[in-house]
Structures are given as C-alpha cells and as structure tokens.
Number of protein chains: 2
Amino acid sequence: MAQVRPMRADARRNYERLLRVAVEAFAEHGEGASLDDIAKRAGVGSGTLYRHFPTRHALLEAAYLDRIEALAARADALAAELPPGEALLEWLHELGTGMIRMRGLRALLGPAVTEGGSAAATACGDCVRNAAGRLVRAAQEEGTLRPDVEPMDVLRLAHGVATASELADGQGRHIRRYLALLTEGLRPRDADAGS
Amino acid sequence: MAQVRPMRADARRNYERLLRVAVEAFAEHGEGASLDDIAKRAGVGSGTLYRHFPTRHALLEAAYLDRIEALAARADALAAELPPGEALLEWLHELGTGMIRMRGLRALLGPAVTEGGSAAATACGDCVRNAAGRLVRAAQEEGTLRPDVEPMDVLRLAHGVATASELADGQGRHIRRYLALLTEGLRPRDADAGS
DNA sequence: ACCTGAACACCGTTCAAGT
DNA sequence: ACCTGAACACCGTTCAAGT
C-alpha cells in the first residue's frame with residue numbers, strides 16, 4: 001500500500017526502455033533472448049538490467065504484466081456476453097493464441113500452474129488462476145464442464161493444447177480444433193460403433 | 001543396404017562412449033546438456049563429438065534410437081493383448097511417461113510431428129508415426145476413436161498431455177488422468193445439467 | 001582416417017570504479 | 001542512488017596440427 005519510493009529520473013527512463021526493448025526481443029527470439037543484447041539495444045550497461053530485473057523471470061513478468069492483466073479482464077468480458085461454457089472455451093482460445101504469439105508468455109505462465117508453486121506465487125500467476133477459477137466454476141454450475149476438474153487442470157491442459165498446436169505448424173492454426181477435441185473427447189459421443 | 005564402411009577401432013570406441021555418456025547427460029540436464037561436458041566426460045576432444053554427431057539433434061537421435069524402437073515394438077505388443085482403444089490409450093501413456101522420464105525424448109520427438117516435416121523426416125520420426133498410425137486406425141475401426149483425427153493429431157496431443165502433466169508436478173503423476181480427460185472430454189457425457 | 005585442443009565468438013553474471 | 005563496463009566463467013563450433 002505504501003507508495004514505493006519514486007525512482008530517480010534516469011533510473012525510470014532506463015527501466016522503461018529496458019521493458020520496451022525486452023518485449024520486442026522476447027517476441028523475436030523467444031524466452032531465451034540474449035539479456036546482454038537487450039541491455040545493449042536499450043543503451044544501458046548490463047549491470048543496469050540486472051539491477052532492475054535480477055532474474056530473467058522478473059524481466060519476463062514485468063514485460064508481459066499488462067498483457068496478462070488484459071487477459072484476466074477479458075475473462076470477465078467474455079463471461080458477461082456468452083454462456084459460461086462458451087466463455088471458458090473462448091477464453092482458453094485467446095490464452096492459447098497469446099501463448100503462441102507472444103512466446104515469452106508460455107515460459108512465464110508455466111511456473112504459475114505447477115503444484116507447489118511456492119516460489120511461483122507471483123502476482124501474474126494469481127491473476128490468471130483467479131480468472132480461470134471464475135470461468136471454471138461458472139461452467140461447472142451450468143453443467144457444461146465436468147465437476148471433477150480444477151482451474152489448474154484446465155490451465156495446464158490449455159498449455160498442452162498450445163504446445164500441441166505449435167508443434168503442428170509453428171503457429172496456432174490447429175488450436176481451435178484441438179480445444180474442441182479436448183472439450184468433446186477423442187472417444188465418439190454416440191456409440192454407433194461397427195461398420 | 002550396402003554395409004557402411006566399418007569404423008576404425010578407436011573411432012568406434014569413442015562413438016560408443018559418447019553415446020553412453022550422452023544418455024546420462026540428457027537424463028540429468030535435459031536436452032540442453034553441455035556438449036562440451038559430454039565430450040570431456042567421454043574422454044574425447046570436442047572435435048570428435050562434432051565429427052560423429054554434427055548437430056545436437058543427431059546426438060539426441062542416436063542416443064534415444066533404441067528406446068524409440070522399443071516404443072514402436074511396444075505398440076504392436078499392446079495391440080496384440082488389448083482391445084484397440086485400450087491399446088492406444090496405454091501406448092500413449094507409455095509414450096508420455098517416456099517423454100517425461102527421458103527428457104531428451106520430447107525434444108527429439110517434437111520435430112517428428114510438425115506439418116511440413118521436410119527437414120524432420122527422420123528415421124525415428126517415421127518409426128513413431130507408423131506405430132501411432134496402426135493403433136489409431138485400429139481404434140477407429142473399432143469405433144472407440146473419432147474418425148476425424150489423424151495419427152499426427154494424436155501424437156501432438158500426447159505431447160501436450162505430457163507437457164501439461166510435467167507442468168503439474170515436474171513428474172508424470174497426472175498423465176493418466178489427463179489422458180482420460182482428453183479421451184472422455186471436458187464436457188460431461190450425460191447431459192444432466194442443472195442443480 | 002581420425003583425434004586433439006587451442007582459438008574464436010557469444011552469453012550470463014558480478015562488482016569495483018565512477019557520477 | 002544509480003550507472004558503466006571490464007572481468008570472469010561457461011558454452012558451442014571450427015580447424016590447424018598431429019598420429
């Protein structure tokens with residue numbers, strides 16, 4: 001709650017430059033983008049980067065924070081205009097698409113869905129988990145989502161669908177279909193087996 | 001078919017040492033294991049490693065070739081003792097478990113399920129795709145697998161399930177459950193919606 | 001024919017020196 | 001209080017020199 005001490009003018013300028021460059025770099029080279037290169041492109045010494053963002057993860061988190069908040073807000077918007085089941089499905093599609101388009105996002109969201117999560121109780125993790133929680137609960141009350149799955153399960157499976165979809169074509173063209181397969185199941189719904 | 005020229009004795013010894021060490025190293029450090037370290041642990045110069053395995057991928061492939069062949073053989077064994085649907089499910093479980101336990105395997109099998117696959121028409125890729133093809137076709141004829149999914153889809157989704165499962169706990173404890181969710185679907189089978 | 005290891009380029013991270 | 005950039009450790013890859 002206490003206002004953090006405001007940064008010195010040059011520090012703030014460097015901080016913002018680093019973030020802007022980092023977003024570009026992660027988009028270009030994925031989560032493994034060279035930190036040294038980011039510092040150079042931002043026109044600061046490498047030490048400055050480490051001062052502001054002690055770990056790669058901290059930089060990823062700061063770089064994508066607004067996208068993640070937008071995603072969480074999107075969950076509520078979808079919940080307001082669609083039936084719960086469809087809202088969840090559509091949100092998972094946007095989440096998956098985002099994780100493929102913004103390659104750093106996947107690496108960032110990964111730790112947020114691990115079991116212990118002790119070290120990963122990050123702000124953005126909570127943000128996504130809460131959004132998923134609301135959509136999941138609503139769909140379960142509606143009866144269009146199995147009652148025995150938890151928000152974390154759904155998030156992990158969305159992660160998996162994004163992985164499967166990116167494997168397919170390096171982009172996300174199969175994501176909608178794979179989400180449908182996950183929703184409906186690989187086993188035929190009507191039991192008309194036989195020739 | 002023509003027998004490749006037999007390696008010189010020292011070359012063959014180095015080749016085998018490198019493979020043995022590589023399997024250990026990939027298990028220990030994942031697909032990113034240091035190649036230099038592998039060479040050192042095998043007691044050879046780094047140049048020797050590159051002579052035998054020009055790319056990391058070549059080394060991964062050679063290191064895991066026998067496991068992949070075993071996996072393919074396992075597909076037929078399962079097909080012989082179980083109904084097609086169950087055989088497919090069980091095989092996917094073993095495949096997924098393998099991709100989590102032997103961390104290099106996932107990186108190796110990834111390119112084998114991409115669309116173009118031009119550069120990835122590797123021997124071990126064919127091996128896995130063929131095995132999956134047989135199981136998928138049989139299950140579809142039995143009527144326990146949707147007719148509109150292809151072997152590649154199933155392999156990619158297995159990849160995704162392994163990813164989701166590893167995210168969960170760093171091991172594969174959720175894999176069976178996630179495979180079941182994929183098979184049955186996230187939507188309840190019986191439409192008893194409502195309170 | 002094959003091996004070795006020095007050499008080069010690159011990256012992450014730290015920290016003494018500067019302002 | 002913050003920044004810089006040299007310094008160190010590490011890794012991948014190549015290649016001239018050796019056997």
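Protein chains get the first letters and strands the later ones, always in sequence-line order, with residue 1 at the start of each.
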Could you provide the dot-bracket string of DNA chain D, using ( ) for intrastrand pairs, [ ] for crossing pairs and | for bases paired to another strand, with Watson-Crick or G-U pairs below 3.5 Å?
||.|||||...|||||.||
Listed once per pair and sorted, the side-chain hydrogen bond (donor to acceptor under 3.5 Å, both in side chains) pairs that draw on residues 48-58 of chain A, sequence neighbours left out
none
Taking any atom closer than 4.0 angstrom to a non-hydrogen atom of chain A, what span of DNA chain D does the protein reach, first nucleotide to last?
D:dA1 to D:dA6
Exam field: side chain A:R156 to backbone A:V113, donor-acceptor pair closer than 3.5 Å:
yes
Residue pairs involving residues 123-177 of chain A (criterion ring-ring contact (aromatic ring centres under 6.0 Å, His included); sequence neighbours excluded)
A:H174-A:Y178
In short, side-chain hydrogen bond (donor to acceptor under 3.5 Å, both in side chains) pairs touching residues 69-89 of chain A with sequence neighbours left out are A:R74-A:E94, A:D76-A:R134
Determine, for B:E141 against B:R137, whether the closest basic-nitrogen to carboxylate-oxygen distance falls under 4.0 angstrom.
no
For A:R20, check side-chain hydrogen bond (donor to acceptor under 3.5 Å, both in side chains) against everything at least two apart and list the hits.
none
Pair B:E166 + B:R106, salt bridge at N-O below 4.0 Å
yes
Taking CD in A:E150 as the centre, count heavy atoms belonging to other residues, nucleotides or ligands within less than 6.0 Å. Is the count above 12?
no
DNA chain D contacts made by residues 37-56 of chain B, counting heavy atoms under 4.0 Å
B:S46, B:G47, B:Y50, B:R56
Mind checking side chain to side chain contact (heavy atoms under 4.5 Å, CB included) for B:V23 and listing every partner two or more places apart, or none if nothing turns up?
B:A63, B:R67
Going by the rule salt bridge (Lys or Arg N to Asp or Glu O under 4.0 Å), which residues pair with A:R8 if we only count those two or more places apart in sequence or in a different chain?
A:D10
Residues within residues 9-35 of chain B bordering DNA chain D, heavy-atom distance below 4.0 Å:
B:A33, B:S34, B:L35
Please collect all ring-ring contact (aromatic ring centres under 6.0 Å, His included) contacts where either partner lies in residues 75-114 of chain A, sequence neighbours excluded, each pair once.
none
According to side-chain hydrogen bond (donor to acceptor under 3.5 Å, both in side chains), does anything in residues 25-38 of chain B pair up with another residue at least two apart or in another chain? List the pairs.
B:D36-B:K40, B:D37-B:R41
